Visitor: 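Please read through the structure below; I'll follow up with questions.
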Amino acid sequence: MKKIVFITGATSGFGEACAHTFAANGYNLILNGRREERLKTLQQTLQQQYNTQSYLLPFDVQQQSSVFESINQLPDEWRAIDILINNAGLALGRDLFQDASLDDWNQMIDTNVKGVLYVSKAVLPFMINNKKGHIINVGSIAGKEVYERGNVYCASKHAVDAISKAMRIDLLQHGIKVTAIHPGAAETEFSIVRFKGNEDTAKTVYQGYQPLSAQDVADIIYYTASLPPHVCINDLVVTCTQQANSYHFNKK
Ligand code: NDP
Ligand code: 8X3
């Protein structure tokens, strides 16, 4: 029987690259994101390229009732989830604390923090019942160090770091692995979202160095998922070679 991976935020970036990588390696997929048309296109592509079966759950991770209703109505054959990748997330704005928008702050906290909590809480009964599972939380280098104008995005990813550590302790008795992956700058739609559709400003973020690609991160996530049952990568920070931490780059 094929293993099942559940990926949140699969319509773009790391999540979409993970969908291809896990499909290419024989997994069936549960795919989430708000843009349902993109999910349908991805489902068709994965079916054609890898003969992959996928089940679409197009909910907003911020909406507590949608998360629980959607996951609780999964058919029996889709409940044996082996891996959950909590990837859905976003930054909004790059403003000084005193100038930032409360709406942006609320959306980042609701997506990056509450979204991870809701989806994990909804999926965990299946994993506990199956006595196995692996939760992979996508944090960020911003969850290790804060940077100027990063305030609440950094706080939300520090929360993912803490939640991952807490999950690892509490789920130990159930044999469930918990991995946190913390990437540095990667060129996806992340900055286009952060700068609210301004593609020119988004491009400037990646000038002067070679950032990570979505595929670089997907390959690492897949590696952490492919280790033997007794081995768990707990915490992994990855940057491109020209990035040392949140704010030191060797730009040419
Ligand atoms: P993208 O913008 O390319 O992808 C983000 C994904 O998250 C999309 O599929 C989007 O789908 C989904 N998403 C956003 N909000 C919601 C929501 N409320 N409900 C469901 N899905 C949602 O960015 P990345 O691939 O770069 O980002 C993926 C994760 O990686 C995020 O958690 C981000 O914070 C983190 N990260 C990114 C880094 C980078 O430099 N790119 C570095 C470190 C971490 P849709 O809009 O269809 O809902
Ligand atoms: C995204 C990377 O450095 O823009 O999490 O915060 S950064």
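Computed from a predicted structure; not experimentally measured. Note that ligands are numbered from 1 as they come in the structure, with each ligand's atoms numbered from 1 the same way.
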Visitor: Distance to 0.1 Å, residue and atom name: give those for the protein heavy atom nearest to atom 39 (C) of ligand 1.
Guide: A186 O, 3.5 Å

Visitor: Could you identify the single nearest non-hydrogen protein atom to atom 43 (C) of ligand 1 and state the distance to 0.1 Å?
Guide: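 Of every protein heavy atom, P183 O, 3.1 Å lies nearest to atom 43 (C) of ligand 1.
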
Visitor: For the side chain of R35 and the backbone of T11, is there at least one donor-acceptor N/O pair under 3.5 Å apart?
Guide: no

Visitor: Return a yes/no value for Y206: is any of its N or O atoms, backbone included, closer than 3.5 angstrom to an N or O of ligand 1?
Guide: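 No: no nitrogen or oxygen of Y206 is under 3.5 Å from one in ligand 1.
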
Visitor: For the backbone of D95 and the side chain of N151, can you confirm whether one donor and one acceptor N or O come within less than 3.5 Å of each other?
Guide: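 Yes, the answer is positive, given that a donor and an acceptor are paired below the 3.5 Å cut-off.
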
Visitor: Only heavy atoms count here, so choose which of G89, S140, A214 is nearest to atom 7 (O) of ligand 1.
Guide: G89

Visitor: Which protein heavy atom lies closest to atom 1 (P) of ligand 1, and at what distance to 0.1 Å?
Guide: S12 OG, 3.5 Å

Visitor: Does G139 offer a backbone N or O that forms a donor-acceptor pair with the side chain of N137 under 3.5 Å?
Guide: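 Not at all, since once roles are kept as given, no pair shorter than 3.5 Å links the two residues.
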
Visitor: Please work out whether any backbone atom (N, CA, C, O) or any side-chain heavy atom from C-beta onward of N87 is under 4.0 Å from ligand 1, and answer side chain, backbone, both or neither.
Guide: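 For N87, the contact with ligand 1 is made by both the backbone and the side chain.
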
Visitor: Identify the protein heavy atom lying closest to atom 37 (C) of ligand 1, giving its residue, its atom name and the separation to 0.1 Å.
Guide: F14 CE1, 3.5 Å

Visitor: Specify whether W105 and F97 have parallel, tilted or perpendicular ring planes, treating 30° as the upper limit for parallel and 60° as the lower limit for perpendicular.
Guide: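 It falls in the tilted class, 30° to 60°.
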
Visitor: My understanding is that we take every heavy atom of each candidate and find the minimum distance to atom 45 (P) of ligand 1. Doing that for L90, T11, L39, I192, which one comes out nearest?
Guide: T11

Visitor: Should the pair K251 and F249 be classed as cation-pi, given the thresholds of under 6.0 Å to the six-membered ring centre and 45° from the axis?
Guide: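 Geometry flag: set, cation within 6.0 Å and 45°.
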
Visitor: Tell me if the OH atom of Y209 is crowded by more than 12 foreign heavy atoms within 6.0 Å.
Guide: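 Buried by this count: over 12 neighbours within 6.0 Å.
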
Visitor: Looking at ligand 1, does E187 have a heavy atom less than 4.0 Å from it?
Guide: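 For ligand 1, residue contact (heavy atoms, under 4.0 Å) with E187 is absent.
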
Visitor: If you draw a 6.0 Å radius around NZ in K144, do more than 12 non-hydrogen atoms from other residues or ligands fall strictly inside?
Guide: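 Correct, the count exceeds 12.
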
Visitor: So, regarding V138 and ligand 1 (criterion: nitrogen or oxygen to nitrogen or oxygen, under 3.5 Å), is there a contact or not?
Guide: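 No, V138 has no N/O under 3.5 Å of an N/O on ligand 1.
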
Visitor: Report yes or no: does A91 have a heavy atom closer than 4.0 Å to ligand 1?
Guide: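 For ligand 1, residue contact (heavy atoms, under 4.0 Å) with A91 is absent.
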
Visitor: State, yes or no, whether a side-chain contact exists between R94 and T201 at a heavy-atom distance under 4.5 Å.
Guide: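 SC-SC contact between R94 and T201 ruled out.
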
Visitor: Are any side-chain N or O atoms of K177 and backbone N or O atoms of V231, one a donor and one an acceptor, separated by less than 3.5 Å?
Guide: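 Indeed, once roles are kept as given, a pair shorter than 3.5 Å links the two residues.
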
Visitor: I'd like the name of whichever of N32, T8, L31 reaches closest to atom 20 (C) of ligand 1 through any heavy atom.
Guide: N32

Visitor: With a cut-off of 6.0 Å (strictly less than), are more than 12 heavy atoms of other residues, nucleotides or ligands near CD of Q47?
Guide: yes

Visitor: Show me which atoms of ligand 1 lie under 4.0 Å from any heavy atom of G13.
Guide: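 Ligand 1 atoms under the 4.0 Å threshold to G13: 3 (O), 25 (O).
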
Visitor: Does Q64 reach the side chain of K114, with side-chain heavy atoms less than 4.5 Å apart?
Guide: no

Visitor: Regarding atom 22 (C) of ligand 1: of the candidates A88, A17, C240, which has the closest heavy atom?
Guide: A88

Visitor: Could you check whether any side-chain N or O of N129 sits under 3.5 Å from a backbone N or O of P125, counting only pairs where one atom can act as donor and the other as acceptor?
Guide: no

Visitor: For atom 26 (O) of ligand 1, which protein heavy atom lies nearest, and how many Å away is it?
Guide: T188 OG1, 2.6 Å

Visitor: Any chain of hydrophobic side-chain contacts (each under 4.5 Å) joining I181 to V5?
Guide: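 Yes, one cluster joins them.
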
Visitor: So does T8 get a backbone contact from the side chain of N87, meaning a donor-acceptor N/O pair under 3.5 Å?
Guide: yes

Visitor: For K157, which part has a heavy atom under 4.0 Å from ligand 1: side chain, backbone, both, or neither?
Guide: side chain

Visitor: Geometry only, no angles: is G9 polar-contacting ligand 1 at N/O separations under 3.5 Å?
Guide: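 Checking ligand 1 against G9, an N or O pair does fall under 3.5 Å apart.
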
Visitor: Checking side-chain hydrogen bond (donor to acceptor under 3.5 Å, both in side chains) between D82 and each of K2, H134, K132, which is the one that passes?
Guide: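 Single side-chain hydrogen bond (donor to acceptor under 3.5 Å, both in side chains) partner of D82 among K2, H134, K132: K132.
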
Visitor: Kindly tell me which protein residues have any non-hydrogen atom under 4.0 angstrom away from an atom of ligand 2, grouped by chain and ordered by number?
Guide: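 For ligand 2, the contacting residues are S140, I141, A142, Y147, Y153, F190, R194.
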
Visitor: Walk me through whether D161 and K157 qualify under salt bridge (charged side-chain N to carboxylate O under 4.0 Å, His left out).
Guide: CA-CA 6 Å; D161 192 33; K157 291 298 186 177; over 6 Å; no

Visitor: In terms of atom number and element, which parts of ligand 1 are under 4.0 angstrom from non-hydrogen atoms of A10?
Guide: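 Counting atoms of ligand 1 from 1, those under 4.0 Å from A10 are 9 (O).
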
Visitor: Check each atom of ligand 1 against the heavy atoms of F59 and keep those under 4.0 Å away; list them by number with element.
Guide: 19 (N), 20 (C)

Visitor: Would you mind listing which atoms of ligand 1 come within a distance below 4.0 Å of any non-hydrogen atom of D60?
Guide: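 Counting atoms of ligand 1 from 1, those under 4.0 Å from D60 are 17 (C), 18 (N), 19 (N).
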
Visitor: Which residues pass the side-chain contact (heavy atoms from CB on, under 4.5 Å) test with I30, sequence neighbours left out?
Guide: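 In terms of side-chain contact (heavy atoms from CB on, under 4.5 Å), with neighbours along the sequence ignored, I30 is linked to I4, F6, Y55, L57, L74, W78, I81.
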
Visitor: If the cut-off is 4.0 Å to any non-hydrogen atom of Q62, which atoms of ligand 1 fall inside it?
Guide: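 Taking each heavy atom of Q62 in turn, ligand 1 has 18 (N) under 4.0 Å.
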
Visitor: For the backbone of R194 and the side chain of S191, can you confirm whether one donor and one acceptor N or O come within less than 3.5 Å of each other?
Guide: no

Visitor: Which protein heavy atom lies closest to atom 19 (N) of ligand 1, and at what distance to 0.1 Å?
Guide: V61 N, 3.0 Å

Visitor: With heavy atoms of G184 as the reference, note each atom of ligand 1 found under 4.0 Å away.
Guide: 40 (O), 42 (C)

Visitor: Are any of the N or O atoms of I141 closer than 3.5 Å to those of ligand 1?
Guide: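 Not met; the criterion fails.
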
Visitor: For atom 15 (N) of ligand 1, what is the nearest protein heavy atom, given as residue, atom name and distance?
Guide: R34 NH2, 3.2 Å

Visitor: Among all protein non-hydrogen atoms, which one is nearest to atom 33 (C) of ligand 1, and what is the separation to 0.1 Å?
Guide: Y153 OH, 3.7 Å

Visitor: With heavy-atom distances below 4.0 Å as the criterion, list the atoms of ligand 1 near A185.
Guide: 40 (O)

Visitor: Under 4.5 Å between any side-chain heavy atoms of F22 and T52, yes or no?
Guide: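 Not touching, per the 4.5 Å side-chain cut-off.
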
